Asks: 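Dropping a structure here in structure tokens format, bear with me for questions.
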Amino acid sequence: RVDGTANINLFKAAAEMQALPHVVFVTSWGCGETWDYLNDETRGFLGPALKAKTKAEVFLRNSGLPHMIVRPGGLMPGTEPPTGKGVLIRDRPDVGGAIRRQDLAEMLLWLPRRPETDGLAVTALDRAMARADPPLSEAEIVDLAKPGNL
């Protein structure tokens with residue numbers, strides 16, 4: 001599947017560059033440790049793509065490239081207006097939900113590229129559409145960068 005092989009080939013090429021790029025890899029909720037929280041129907045429908053993306057995530061993590069993995073929840077149709085309530089969630093693979101495409105795009109522009117986020121995998125969701133039990137804590141939300149503070 002291109003979800004795995006093509007991404008792995010890109011990471012191999014990037015790892016050979018003189019100046020290593022910071023890779024932002026957008027996969028999907030359901031990859032990596034979030035797989036265990038998918039229902040059977042979703043596993044049956046999206047399983048092969050999610051497993052291929054997970055394979056690429058594992059390769060990236062072991063590549064030595066600085067990176068951040070972003071796993072959006074279910075993407076709302078492009079016709080939905082942004083809400084500005086997108087959040088990046090860390091250390092909670094159990095939290096699922098949805099996000100509007102425009103909100104995800106805006107968040108990707110302001111991802112924090114700091115040493116403490118290198119290697120981090122986060123879930124991107126609209127806070128109002130997050131399914132979290134127990135509820136999210138502020139410590140589980142990754143602050144987005146601000147102009148001049150990337």
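Treat the numbers as computed from the prediction; the structure is a model and nothing was measured.
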Asks: Just so I know, are the side chains of Arg131 and Val95 near enough to count as touching, which here means a heavy-atom distance under 4.5 Å?
Replies: no

Asks: What side-chain donor-acceptor pairs closer than 3.5 Å can you find for residues 115-122, not counting sequence neighbours?
Replies:
unit_1, atom_1, unit_2, atom_2, d
Glu116, OE2, Arg114, NE, 2.8
Thr117, OG1, Pro112, O, 2.9
Thr117, OG1, Arg114, N, 3.2
Thr117, OG1, Arg114, O, 2.9
Asp118, OD1, His67, N, 2.8

Asks: With sequence neighbours excluded, what pairs up with Glu106 under the salt bridge (Lys or Arg N to Asp or Glu O under 4.0 Å) test?
Replies: none

Asks: Are Leu10 and Met17 co-members of a hydrophobic cluster defined by side-chain heavy atoms under 4.5 Å apart?
Replies: no

Asks: Sequence neighbours left out, what passes side-chain hydrogen bond (donor to acceptor under 3.5 Å, both in side chains) with Asp36? Give chain and number order.
Replies: none

Asks: Does any non-hydrogen side-chain atom of Leu50 lie less than 4.5 Å from one of Asp3?
Replies: no

Asks: Asp133: which residues meet the side chain to side chain contact (heavy atoms under 4.5 Å, CB included) condition with it, sequence neighbours left out?
Replies: none

Asks: Looking only at heavy atoms, which two atoms of Leu125 and Ala130 are closest? And how far apart?
Replies: CD1-CB, 3.9 Å

Asks: Sequence neighbours excluded, which residues qualify as side chain to side chain contact (heavy atoms under 4.5 Å, CB included) partners of Asp143?
Replies: none

Asks: Which heavy atom of Ala124 sits nearest a heavy atom of Val70, and at what distance?
Replies: CB-CG1, 3.9 Å

Asks: Would you give the length of the straight line joining atom CD1 of Ile69 to atom SG of Cys31, rounded to the nearest 0.5 angstrom?
Replies: 9.0 Å

Asks: For Val87, which residues count as a side chain to side chain contact (heavy atoms under 4.5 Å, CB included) partner, sequence neighbours excluded?
Replies: Ile89, Arg127, Ile141

Asks: Do any pairs count as a side-chain hydrogen bond (donor to acceptor under 3.5 Å, both in side chains) and have a residue in residues 53-65, sequence neighbours left out, and if so which ones?
Replies: Thr27-Glu57, Glu57-Arg71

Asks: In terms of hydrophobic clustering (I, L, V, M, F, W, Y; side-chain heavy atoms under 4.5 Å; direct or indirect links), are Met107 and Leu75 co-clustered?
Replies: yes

Asks: Any side-chain hydrogen bond (donor to acceptor under 3.5 Å, both in side chains) pairs touching residues 83-96, not counting sequence neighbours?
Replies: Thr83-Asp103, Thr83-Asp126, Arg92-Asp94, Arg92-Glu140

Asks: Cluster partners of Met76, using ILVMFWY side-chain heavy atoms under 4.5 angstrom, listed by chain and number?
Replies: Met129

Asks: Can you hop from Met68 to Val26 via hydrophobic side chains spaced under 4.5 Å?
Replies: yes

Asks: Nearest 0.5 Å, please: how far is OH in Tyr37 from OG1 in Thr42?
Replies: 15.5 Å

Asks: Residues two or more places apart in sequence or in another chain: which of them pass side chain to side chain contact (heavy atoms under 4.5 Å, CB included) with Lys51?
Replies: Trp35

Asks: Is any side-chain heavy atom of Leu65 closer than 4.5 Å to a side-chain heavy atom of Pro21?
Replies: yes

Asks: Considering non-hydrogen atoms only, spot the tightest contact between Gln102 and Pro82 and give its length.
Replies: OE1-CD, 2.9 Å

Asks: Considering non-hydrogen atoms only, spot the tightest contact between Arg43 and Leu38 and give its length.
Replies: NE-O, 3.6 Å

Asks: Is it possible for you to say whether Val142 and Val24 belong to one hydrophobic cluster, with membership spreading through side-chain heavy-atom contacts below 4.5 Å?
Replies: yes

Asks: Whether the side chain of Thr5 engages the backbone of Val2 through a donor-acceptor N/O pair (distance < 3.5 Å, no angle test) should be reported.
Replies: no

Asks: Of all residues at least two apart in sequence or in a different chain, which pass the side-chain hydrogen bond (donor to acceptor under 3.5 Å, both in side chains) check with Asn7?
Replies: none

Asks: How close do Pro93 and Glu33 get, counting heavy atoms only, and between which atoms?
Replies: CB-CG, 3.6 Å

Asks: Please list all pairs passing the ring-ring contact (aromatic ring centres under 6.0 Å, His included) test where one or both residues lie in residues 4-33, with sequence neighbours left out.
Replies: Phe11-Phe25

Asks: Would Val23 end up clustered with Val58 when hydrophobic side chains under 4.5 Å apart are linked, directly or stepwise?
Replies: no

